[in-house]
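Quick notes on the structure that follows.
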There are 2 protein chains.
Amino acid sequence: MAYRETPAVRRRLDAARDRLVAEATDVVAEVGWAGASVTAVAAAAGMSAGSVYQHFSSKAALAVEVFRRASGREVEVLGEVLRDGGGDPVERLAHGVEVFARRAMERRGLAYALLAAPADPAVGAERLEYRRRYRALFAEVVREGVAAGLLPEQDPGITAAALTGAIGEILVDPLVDPSDAAERLVAELRALSLRCAGASPAPA
Amino acid sequence: MAYRETPAVRRRLDAARDRLVAEATDVVAEVGWAGASVTAVAAAAGMSAGSVYQHFSSKAALAVEVFRRASGREVEVLGEVLRDGGGDPVERLAHGVEVFARRAMERRGLAYALLAAPADPAVGAERLEYRRRYRALFAEVVREGVAAGLLPEQDPGITAAALTGAIGEILVDPLVDPSDAAERLVAELRALSLRCAGASPAPA
DNA sequence: GTCTATAGAATGATAGAC
DNA sequence: GTCTATCATTCTATAGAC
């Protein structure tokens with residue numbers, strides 16, 4: 001009898017792929033892109049190195065998927081806060097920056113890998129794409145802020161790019177350890193973002 | 001008699017190497033890292049592909065050298081303007097941002113390659129290093145501005161990171177073409193940088 | 001019986017130790 | 001400079017799904 005893939009098999013394969021991506025994400029968060037060898041990732045996911053190639057055509061393809069999933073989550077969370085977070089546009093901006101920063105500091109290794117760590121060019125290309133998405137989200141809330149008269153006239157696209165670049169850069173380098181300094185960093189980042197957008201001194 | 005390198009030979013080799021790096025820089029500016037094959041770069045420098053490896057152990061090593069030289073020039077120029085440009089710290093900051101932006105827009109392809117284009121991880125690592133240098137330069141001028149009472153109290157390191165990230169990100173994406181829009185971009189960038197640092201409305 | 005997914009070993013390239 | 005370890009990827013044989 002001829003072989004045909006059943007739903008059960010499909011599910012098992014999909015689950016294995018999911019697990020592979022999830023485990024690979026953890027490995028990358030811990031040891032970075034450079035340390036995340038196919039062997040190490042496969043071991044973490046409980047499969048052989050060869051089996052990885054049943055799911056991805058290359059290590060780079062797996063890396064891209066890891067990047068997309070993790071970054072996609074962040075874009076989604078940020079988008080929700082900026083759009084539906086409640087409050088006026090400036091409050092939403094401040095809150096969005098805070099949430100983004102806190103999440104990055106909670107998973108520092110992953111944040112570094114996603115934002116700045118040297119990576120395969122394929123991941124680099126994906127980074128550009130996701131930065132575009134962050135910019136679109138910030139641009140919208142800045143536009144609303146200007147329309148509401150809460151922010152001075154400005155090119156929202158440029159301010160959005162500045163916010164994206166600034167936040168990424170700030171969260172990258174020291175990514176300070178003591179959780180006391182973390183709160184200070186969030187506060188500074190929040191203040192700075194509002195200054196960038198031209199919000200008057202310090203709302204709440 | 002055993003072969004020993006004479007000064008004349010040394011000079012010729014150094015000149016060839018210099019020329020190789022310079023031509024490679026132009027190639028990268030035109031076609032990006034991905035398009036800059038060893039063959040193309042060698043042809044531009046008037047040597048065989050094999051000869052490239054007389055000067056660099058790998059394509060990545062050549063790429064790193066291209067990056068270092070070009071970025072080093074920018075760091076130097078920016079440093080000079082920020083430190084010795086004349087005027088108070090805020091004026092120097094504004095001027096530095098303008099100069100940096102104008103130079104980037106004049107050599108758009110190169111700027112993109114240096115700032116954001118997907119590249120070999122070795123280049124990515126170098127990018128982190130040079131961003132650190134930009135930050136150090138900005139941090140110093142912000143510190144002076146705060147000390148002079150021209151800027152509000154702030155963590156200069158964080159503001160410097162924000163400026164570095166913001167400027168890089170803004171100069172990356174559309175990098176608008178019409179030279180009219182270019183002037184507008186410079187003006188927006190300047191205003192935004194000053195807002196980031198908390199400078200009062202618009203000095204000159 | 002036929003096809004697939006998988007583990008595990010072979011291969012070729014690269015980098016680091018010595 | 002040679003040797004070794006490790007890496008990504010491919011190959012091969014088998015166990016298991018149909």
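Quick caveat, the model's predicted, so the values are computed rather than measured. Numbers restart at 1 for each chain; the letters A, B, ... are given by sequence-line order, proteins then strands. Side-chain atoms are counted along with the backbone in the values below, which use heavy atoms only and exclude waters and symmetry mates.
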Checklist entry - Would you say C:dA7 has OP1 or OP2 under 4.0 Å from some side-chain N or O of A:Ser51? => result yes
Checklist entry - Among the nucleotides C:dA5, D:dT9, C:dA7, which one has an atom lying closest to any side-chain atom of A:Lys59? => result D:dT9
Checklist entry - Could you state the CZ-P distance from A:Arg11 to C:dT4, rounded to the nearest angstrom? => result 20 Å
Checklist entry - Taking only side-chain nitrogens and oxygens of A:Arg17, does any of them come within less than 4.0 Å of OP1 or OP2 of C:dA5? => result no
Checklist entry - Given atom OH of A:Tyr53 and atom P of C:dT11, what is their separation to the nearest angstrom? => result 18 Å
Checklist outcome for this item: B:Asp120 CG to C:dT14 P, in whole Å, measures 13 Å
Checklist entry - If you check the A:Ser48 side chain, which of C:dA5, C:dG8, D:dA8 turns out closest? => result C:dG8
Item to check | side chain to side chain donor-acceptor pair (under 3.5 Å) between A:Arg17 and A:Gln54, intermediate numbers included | outcome: CA-CA 9 Å; A:Arg17 197 186 126 110; A:Gln54 284 291 326; over 6 Å; no
Checklist outcome for this item: Which of A:Arg127, A:Arg133, A:Arg131 passes side chain to side chain donor-acceptor pair (under 3.5 Å) with A:Glu129? It is A:Arg133
Checklist outcome for this item: Rounded to whole Å, CZ of A:Phe56 lies from C1' of D:dA8 at a distance of 16 Å
Next on the checklist: Between A:Thr164 and B:Glu169, is there a side-chain donor-acceptor contact under 3.5 Å, judged purely by atom types and distance?
Outcome noted: no
Item to check | Separation of C:dT6 C1' from A:Arg12 CZ (nearest whole Å) | outcome: 9 Å
Next on the checklist: Between P on C:dC3 and CD on A:Gln54, what's the gap in Å once rounded to a whole number?
Outcome noted: 17 Å
Checklist entry - Nearest-Å distance, CZ (A:Arg10) to P (C:dC3)? => result 19 Å
Next on the checklist: Parallel, tilted or perpendicular, judged at 30° and 60°: which one describes the rings of B:Tyr130 and B:Phe67?
Outcome noted: perpendicular
